[in-house]
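Notes follow the structure.
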Amino acid sequence: MKIQMLGTGSAFAKTYYNNNALVYADDFTLMIDCGITAPTALHKLGKSLNDIHAVLITHIHADHVGGLEELAFRMKFQHNRKPLLYVPSKVITPLWENTLKGGLTQDQWPSIDDFFDVVLLEEHVPVMITPQLKVEIIETPHIPNKPSYSLYINDRFFYSADMQFHPQLLHQLVEERGCRTIFHDCQFQSPGVVHACLKELLTLPDELQKLVWLMHYADDQEQFKGKTGYMRFVEQHKIYEV
Ligand SMILES: O=c1ccn([C@@H]2O[C@H](COP(=O)(O)O)[C@@H](O)[C@H]2O)c(=O)[nH]1
Ligand SMILES: [Zn+2]
Ligand SMILES: [Zn+2]
């Protein structure tokens with residue numbers, strides 16, 4: 001499978017788009033998260049929201065879900081179809097009740113099902129989105145009591161959503177589950193609090209760092225080139241085979 005970041009920016013970055021991704025497999029395009037800047041980032045790539053076959057949501061911060069209203073309205077009124085929406089079961093109620101309902105609902109369309117074909121995801125139950133795209137959600141710590149999920153794709157690629165540093169999970173994925181590539185959010189400033197920060201990620205052993213690519217970074221990323229150990233930066237819009 002291939003992955004192309006629509007953006008690699010942190011929540012409030014201004015020079016990078018939101019940290020959302022396009023995953024390509026079997027002529028299918030899955031968008032991981034759809035933040036405020038996703039429609040603009042797609043436009044920049046010469047793509048339309050109609051090119052997206054499905055969207056998977058990791059958690060309800062606006063840099064991950066803020067573009068869903070435009071997606072839903074454009075699909076309904078311009079393309080006459082309901083997009084496929086993969087959502088962790090613990091996220092579906094807050095996504096609708098706390099995020100989308102206010103903007104989307106109208107008398108004749110009272111429910112999220114009026115806008116999306118929703119597929120609920122459960123931990124430990126991988127889904128085959130296409131024959132060559134297997135996705136498993138892993139609940140990872142981000143904001144206390146607010147569910148947030150990272151992804152383990154095709155038993156070899158870990159994509160952190162927004163998560164606090166969790167070295168045990170990274171070790172387990174690599175040493176016990178065959179993980180070969182890790183795309184990880186990275187906050188440059190310490191302490192990370194709700195994200196892994198660079199100082200924490202630099203404590204990973206060299207062999208693990210070599211598998212790690214950093215994303216969800218702030219506007220001052222240039223200043224950190226050469227200061228990330230063996231870890232490399234993901235570049236937005238570049239296509240990676242993983
Ligand atoms: O406890 C918190 C919660 C949030 N923040 C800030 O908000 C953003 C939230 O967006 P993310 O997509 O999770 O990045 C986070 O980056 C922090 O800047 C916080 O500092 N503390
Ligand atoms: Zn974020
Ligand atoms: Zn977040």
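Counting starts at 1 for both ligands and their atoms, following the listed order.
- Not a single heavy atom of V193 sits closer than 4.0 Å to an atom of ligand 1.
- Taking the Zn ion (ligand 3) as the corner point, the angle from H61 atom ND1 to H59 atom NE2 is about 100° (rounded to 10 degrees).
- Contact of the I182 side chain with the L208 side chain is registered, since non-hydrogen atoms from C-beta on lie closer than 4.5 Å.
- Minimum-distance N/O/S atom of D162 relative to the Zn ion (ligand 3): OD2.
- Side-chain atoms of L85 and F115, non-hydrogen and from C-beta on, never get closer than 4.5 Å to each other.
- Centroid-to-centroid, the aromatic rings of F224 and Y217 stay 6.0 Å apart or farther.
- Every atom of ligand 1 with a heavy atom of H64 under 4.0 Å away is listed here by number and element: 12 (O).
- A salt bridge does not link E69 to R74: none of the charged side-chain nitrogens sits closer than 4.0 Å to a carboxylate oxygen.
- The Zn ion (ligand 2) forms the vertex of an angle spanning NE2 of H64 and NE2 of H216; to the nearest 10 degrees it equals 120°.
- Residues N50 and R81 have side chains that bring a donor and an acceptor to within less than 3.5 angstrom of each other.
- Checked against a 3.5 angstrom limit, the closest N/O atoms of Q187 and ligand 1 fall outside it.
- Test S10, S160, S150 against D185 for side chain to side chain donor-acceptor pair (under 3.5 Å) and you get one pass: S160.
- Heavy-atom proximity to H142, at under 4.0 Å, picks out these atoms of ligand 1: 13 (O).
- Side-chain contact, T8 with N19: no donor N or O sits under 3.5 Å from an acceptor N or O.
- Of all the listed residues (H216, H195, K146, H59), H195 holds the heavy atom that lies closest to atom 16 (O) of ligand 1.
- In summary, the atoms of ligand 1 found under 4.0 Å from a heavy atom of F12, numbered by their order in the structure, are 7 (O), 8 (C), 18 (O).
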Salt bridge (Lys or Arg N to Asp or Glu O under 4.0 Å), that's the test. Do E123 and K90 meet it? Break it down for me. CA-CA 10 Å; E123 257 201 305; K90 284 197 217 170; 5.8 Å; no

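- In this structure, the protein non-hydrogen atom closest to atom 10 (O) of ligand 1 is A11 CB, 3.3 Å.
- Near V194, the atoms of ligand 1 lying under 4.0 angstrom from a non-hydrogen atom of the residue are 1 (O), 2 (C), 21 (N).
- For atom 12 (O) of ligand 1, a protein non-hydrogen atom is found at a distance below 4.0 Å.
- In the model, D63 has a side-chain atom that pairs as donor or acceptor with a side-chain atom of H216 under 3.5 Å.
- Distance from atom 3 (C) of ligand 1 to its nearest protein heavy atom, with residue and atom name: I143 CD1, 3.6 Å.
- Residue Q189 places its CD atom among 12 or fewer non-hydrogen atoms of other residues, nucleotides or ligands, all under 6.0 Å distant.
- Distances below 4.0 Å separate heavy atoms of D162 from the following atoms of ligand 1: 11 (P), 12 (O), 13 (O), 14 (O).
- Under 2.8 Å from the Zn ion (ligand 2) lies an N/O/S atom of D63, whether from backbone or side chain.
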